[in-house]
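Data block below; observations after.
From a predicted model like this one, the values you see are computed outputs, not experimental measurements. Position 1 is the first residue of the sequence; numbering continues from there. Worth knowing before you read on, the calculation uses all heavy atoms, side chains too, and leaves out hydrogens, waters and symmetry mates.
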Amino acid sequence: MIILDIVNEKIEVNFPMASRWKRVWAFLVDMVIAGLISTTGSLFGIYVIFKLMSFQEVEFLHGFGEGSVFIYFLVMMLSYIWFIAYILLRDSFGKGQSFGKRLFGLKVIKLDNGLSCSPGDSFMRNLPGFGFILLNYFLPIFTFPFLLIEPVTIFRSLKGQRIGDCWARTQVIDIKQHK
């Protein structure tokens, strides 16, 4: 339930909560999409490094000469930039839908006005989860339980909101229920 202040008059608006399990599946789809491209870039980088370390020529970079190292770093950086951008901005694509949310009929809306999630809202709502991913990346043994904080809050919250939703004042809704 939200409260809108229209000409000093309070109006309550309810938004139907999306299925928590649909959200989990949509999240997994989004992580596969984000991960496939960044993993492909990483595998490309590992292949090039092993070739260069064994003083072998990298066939597909042969025509680039000294620029082959630049191409290698460019591909690596673009794959990581894609991963970061997708993770943080995925809910602002289209009409508040990442690819996973679109697949499962979900949408992220701003609680203040019921409009689709903006890039700034998406950044705010995905920042805590991304922070936990980074923390786990640099300290994997000690911080793995932190990765569970966001999913657990979805199941514990009455509205199915996670930490990022509270920060950005957003909610994931089922499109079929919200007309």
Side-chain angles (χ1 to χ4, degrees), residues 1-41 78-138 140 143-179:
M1 184 177 342
I2 72 164
I3 299 175
L4 296 175
D5 187 6
I6 300 174
V7 191
N8 297 324
E9 199 175 312
K10 306 270 183 187
I11 299 173
E12 293 183 0
V13 180
N14 285 319
F15 291 106
M17 181 179 70
S19 161
R20 290 174 170 108
W21 287 109
K22 277 186 175 182
R23 288 186 66 182
V24 169
W25 284 109
F27 173 77
L28 292 174
V29 167
D30 287 332
M31 291 306 100
V32 166
I33 290 169
L36 279 177
I37 292 176
S38 64
T39 301
T40 302
L78 289 176
S79 68
Y80 294 130
I81 289 169
W82 159 261
F83 179 78
I84 293 168
Y86 188 80
I87 294 295
L88 291 173
L89 301 174
R90 69 183 182 267
D91 297 318
S92 63
F93 299 156
K95 296 178 180 173
Q97 296 177 295
S98 64
F99 294 114
K101 285 182 182 65
R102 185 171 298 139
L103 182 66
F104 287 93
L106 304 175
K107 176 180 180 175
V108 180
I109 60 164
K110 187 78 172 153
L111 285 175
D112 298 335
N113 54 21
L115 298 176
S116 298
C117 184
S118 71
D121 298 330
S122 180
F123 182 86
M124 283 299 294
R125 78 180 297 273
N126 292 313
L127 192 59
F130 182 70
F132 294 137
I133 289 171
L134 282 180
L135 188 61
N136 190 61
Y137 182 75
F138 291 109
T143 60
F144 180 74
F146 287 107
L147 289 176
L148 300 176
I149 291 174
E150 288 279 89
V152 166
T153 58
I154 291 172
F155 286 92
R156 299 217 15 130
S157 166
L158 294 175
K159 289 183 175 182
Q161 291 178 297
R162 56 187 177 90
I163 296 169
D165 286 317
C166 295
W167 281 11
R169 301 226 359 97
T170 57
Q171 182 176 340
V172 179
I173 61 168
D174 194 321
I175 294 173
K176 292 177 185 169
Q177 294 176 358
H178 180 70
K179 298 247 177 187

Between [X] and [Y] (side chain of the first, backbone of the second, donor and acceptor by atom type, cut-off under 3.5 Å), is there such a pair?
X    : Y    : value
S92  : L89  : yes
D121 : S118 : yes
K95  : L115 : no

Out of curiosity, [X] [atom1] to [Y] [atom2], how far, rounded to the nearest 0.5 Å?
X    : Y    : atom1 : atom2 : value
D174 : K101 : CG    : NZ    : 12.5 Å
M124 : D91  : CE    : CG    : 13.5 Å
Q97  : F93  : CD    : CZ    : 12.0 Å
F104 : K22  : CZ    : NZ    : 8.5 Å

_Test applied, side-chain contact (heavy atoms from CB on, under 4.5 Å); reference residue, V172; option that passes from K107, Q161, K159, R23_ =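 It is R23, the one option of K107, Q161, K159, R23 that forms the side-chain contact (heavy atoms from CB on, under 4.5 Å) with V172.
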*S122 and side-chain contact (heavy atoms from CB on, under 4.5 Å): which partner among S116, C117, S98?*
C117
*asked:* Between C166 and I163, does the side chain to side chain contact (heavy atoms under 4.5 Å, CB included) criterion hold? Intermediate values first, please.
replied: CA-CA 5 Å; C166 295; I163 296 169; 5.8 Å; no
_More than 12 heavy atoms from other groups under 6.0 Å of CH2 on W82_ = yes
*side chain to side chain donor-acceptor pair (under 3.5 Å) partners of T170, counting only residues at least two apart*: R125, D165
_Which label fits F99 and Y86: parallel for a plane angle under 30°, tilted from 30 to 60°, or perpendicular past 60°?_
parallel
*When you look at L127 and F123, which way does the side chain to side chain contact (heavy atoms under 4.5 Å, CB included) test go after all the steps?*
CA-CA 6 Å; L127 192 59; F123 182 86; 4.0 Å; yes
*For residues N126 and R162, is any side-chain donor paired with an opposing acceptor at under 3.5 Å?*
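Short answer, yes.
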*State, yes or no, whether a side-chain contact exists between R20 and V24 at a heavy-atom distance under 4.5 Å.*
no
*Give the minimum heavy-atom separation between I87 and A34, together with the two atoms involved.*
CD1-CB, 4.0 Å
*Could you give me the CA-CA distance, side-chain angles and deciding distance for V108 and Q171, then say whether side chain to side chain contact (heavy atoms under 4.5 Å, CB included) is met?*
CA-CA 6 Å; V108 180; Q171 182 176 340; over 6 Å; no
_Worked check of side chain to side chain contact (heavy atoms under 4.5 Å, CB included) between T39 and F83_ = CA-CA 9 Å; T39 301; F83 179 78; over 6 Å; no
*Ring centroid separation W21 to F155 under 6.0 Å*: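 Yes.
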